[in-house]
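By convention in this document, chain letters (A, B, ...) are assigned in the order of the sequence lines, proteins followed by strands, and residues within each chain are numbered from 1.
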Amino acid sequence: MTDWGKAKFDANKVSYGPRAVEPELNNDPVSQCEPLGYPRDLWEANLRPFEFIQTPDRMLQHMQYHDVWRTIWTDGRALPKDPDPAWYGYAIGRWEGDTFVVESIGYDDRTWLDHFGNPHSDQMRLIERWRRVDKDTLTLDMTLTDPKTYTKPWVAETIKFVNPKAAIFEEICSPSEEHRFNNEIRDESKAISKP
Amino acid sequence: MWIRLLKSLQVPAAVLAFSCITFGQTYGTPGYSPGAWKPEELPKELSKPKPFNPHDLSGVWSTPTTPGYFERHSLDDKWIDVKDKKVPPQMRSNTTPRR
């Protein structure tokens, strides 16, 4: 990690892993209903699936949580030269044999990569290689390059997705409900842990 | 103090206790969306298998939720072997960027 990345990592107070702080002290953006962003949204797929919808000129990745639609353009356009940062970035895709290759940039650096607080900058570039290996299985190989944050590309282990044979359903993060959860559960833990 | 602790744990405990039942009834039922259409309300054609096409990624995708499966939470995610059994599961995993 670069010095810039390390400083950002240290500033991120998390609720998971060995760096976990007490619940009311975390500053995870998700605790305030901020967008998960990408690729963090993928790690929610154990309970919150996503959906691919293909059209002739784009692939839509519909995330259950927050009802987010990520657009992956397949109409031959190139990535934008100097895009404004976006929560879910800007993505283009193409087929290389049976692999759907997605390149993306332009991510807003307010999101975290995961709930361990690993950061990224607005220079993050993702390359995703999706393969449908059989009817019910999808695999993803992802490489993250972010020279402002990491000294080397971060190559992820292959991720396997299965078809849960279910439909996406509405799951909106409501700020008022999150506020109530913070008051009644997260902040309550302070009183429990420090009698 | 204990009453407050027990009250604060009631909701999470209930969610955990019934999660298997809830997801057992929803995930795995073709086309079923919780709180919406029941399986018997859906057109029969939806349950017919489609021919496999590797260039068709369409559909709903999730990571496996089988018991004992270690859920991924990052690009890499490692299980930490902590001897102290009191350490909750969410503290037992971590990720470190490859250098």
Among the listed options [options], the residue most often paired with chain B at heavy-atom distances under 4.5 Å:
| options | answer |
| --- | --- |
| A/R19, A/Q54, A/K135 | A/Q54 |
| A/D114, A/V133, A/V162 | A/V162 |
| A/L60, A/L113, A/D134, A/L140 | A/D134 |

Does any backbone or side-chain atom of [X] lie under 4.5 Å from a heavy atom of chain B? Answer side chain, backbone, both or neither.
| X | result |
| --- | --- |
| A/T158 | backbone |
| A/I159 | both |
| A/V14 | neither |

- Message: Hydrogens and angles aside, do A/D57 and A/T55 bring a side-chain donor and acceptor to less than 3.5 Å of each other?
- Response: yes
Exercise for review: May I ask you to check whether A/Y16 and A/W43 place their ring centers less than 6.0 Å from one another?
Suggested key: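 Between A/W43 and A/Y16, which both carry aromatic rings, the centre distance is not below 6.0 Å.
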Across all chains, not counting sequence neighbours, the salt bridge (charged side-chain N to carboxylate O under 4.0 Å, His left out) partners of A/D28 are A/R40
**OP:** Identify whether the distance between the nearest side-chain nitrogen and carboxylate oxygen of A/R110 and A/E34 falls below 4.0 Å.
**Re:**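 Not counted as a salt bridge, because no side-chain N and carboxylate O are separated by less than 4.0 Å.
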Charged N-O contact under 4.0 Å between A/R131 and A/D141
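Salt bridge flag = yes for A/D141 with A/R131.
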key: Validation row: A/H120, A/W154 side chains within 4.5 angstrom (heavy atoms)   =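 In short, these two side chains do not touch, never coming nearer than 4.5 Å.
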Within residues 97-107 of chain A, the residues sitting under 4.5 Å from chain B by heavy atom, in sequence order, are A/G97, A/D98, A/F100
Report, as yes or no, whether the 6.0 Å neighbourhood of atom NE2 on B/H55 holds more than 12 heavy atoms from other residues, nucleotides or ligands.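 Enclosed.
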_Just checking A/D3: does its CG atom have more than 12 heavy atoms from other residues, nucleotides or ligands closer to it than 6.0 angstrom?_
no
Toward chain A, the part of B/N53 with a non-hydrogen atom under 4.5 Å: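 Interface part for B/N53: backbone (N, CA, C, O).
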When you measure from the centre of the six-membered ring of A/F52, is the NZ or CZ of A/R132 closer than 6.0 Å and no more than 45° off the axis? no
